Number of protein chains: 2
Amino acid sequence: MLINELSKRTGISAHTIRFYEKSGLLKGKLDENVKTNKYSHYDEESVERLELVRDAKSIGFTIREISQLMDAWYNNKMTVDEKLKVLDDKLVSITDKIKQLKEMKKMIDQFKKTVKDDAC
Amino acid sequence: MLINELSKRTGISAHTIRFYEKSGLLKGKLDENVKTNKYSHYDEESVERLELVRDAKSIGFTIREISQLMDAWYNNKMTVDEKLKVLDDKLVSITDKIKQLKEMKKMIDQFKKTVKDDAC
DNA sequence: TGCAACATTAGAGTATAGTCTATACTTGCA
DNA sequence: TGCAAGTATAGACTATACTCTAATGTTGCA
């Protein structure tokens, strides 16, 4: 599929997809049979990758971090142990973040109590 | 205390504190008794505020969002109900984020299994 | 009194993550 | 064949959140 279709399927603008491509998060391929243009073609993996980007971004991963996750997932140059290490590192940082968020919830609950008490 | 002491106590650079001050996250006061300079003086609330900024930032709140929290906490111009609304909104967004992070953990666990299976 | 250390301000520079514009080329359909 | 719609590329622009520099002024101590 061409970039416009990829954009429609993922809801991510063509501009942004090109930006992600420059950042190494996905890669289109030229169709060797077509000699008249240099249009990039994308496959289902590109759709998957963009969906992963959106999920990872929404919870605060940077493009660089997402790129590492992508490498662990798709790059065959990494050994199994290297891939597992990248994934374990992400698990640790996610677990940390969840812990911090829970602390923040407690703080806000405490705030709420104080606000209510002030009202009385 | 002057900015250097505030910086030392919080571990946040004087530059960054001034940036936060411009962003409305805290405010120093001039000492009326001192006529020879315009040095800003900070109190314990400033220390508290900077600690809250650091906590909130570490879990992904923007300065604008932190500013809203600060208002709910310190601003007496807001009604109790308005304050509670800001705090409840933050609780919802934190809960959402925790949910997403847990989903991401599941995904990564799944990734790990597949990586291990590929190795066999 | 000299001078190092500290304070202030304006403004420039950096990094991240887009977002948009301009220009030019290609495709497909009426 | 004309032309709207799609594609590619470079580069400018935006927002967020700092980070640093330069110039200037103030303080406190030897």
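Nothing here was measured: the structure is a model prediction, and the numbers come from that model.
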Does the side chain of B/Val86 come within less than 4.5 Å of A/Phe111's, by heavy atoms?
-> no
Starting at atom [atom1] of [X], determine the distance to atom [atom2] of [N], rounded to an integer number of angstrom.
{"X": "A/Arg18", "N": "C/dT19", "atom1": "CZ", "atom2": "P", "answer": "15 Å"}
{"X": "B/Lys22", "N": "D/dT16", "atom1": "NZ", "atom2": "P", "answer": "15 Å"}
{"X": "B/His15", "N": "D/dA23", "atom1": "NE2", "atom2": "C1'", "answer": "13 Å"}

Identify which nucleotide among C/dT16, C/dT27, C/dA7 has an atom closest to any side-chain atom of A/Val34, counting heavy atoms from C-beta outward.
->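 Given the options C/dT16, C/dT27, C/dA7, the side chain of A/Val34 is closest to C/dT27.
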Kindly point out which of C/dT8, D/dC18, C/dA17 is positioned nearest to the side chain of A/Phe19?
-> C/dA17
Whichever of B/Val53 and A/Glu5 has its nearest DNA chain D nucleotide further upstream toward 5' |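 Result: A/Glu5.
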Polar pair under 3.5 Å, donor/acceptor by atom type, side chain A/Tyr39, base D/dG6 = yes
Would you tell me if any nitrogen or oxygen in the side chain of A/Thr36 comes within less than 4.0 Å of OP1 or OP2 on C/dT27?
-> yes
Under 4.0 Å between a side-chain N/O of B/Thr62 and OP1 or OP2 of D/dT16, yes or no?
->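 Checking D/dT16 against B/Thr62, no side-chain N or O comes under 4.0 Å of OP1 or OP2.
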Which one of B/Arg9, B/Arg49, B/Lys29 satisfies the salt bridge (Lys or Arg N to Asp or Glu O under 4.0 Å) criterion with B/Asp43?
->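 Passing option: B/Lys29.
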Positive for side chain to side chain donor-acceptor pair (under 3.5 Å) with A/Tyr42, one of A/Glu5, A/Glu21, A/Lys27 | A/Glu21
With no hydrogens and no angle check, do the side chains of B/Lys105 and A/Thr95 hold a donor and an acceptor under 3.5 Å apart?
-> yes
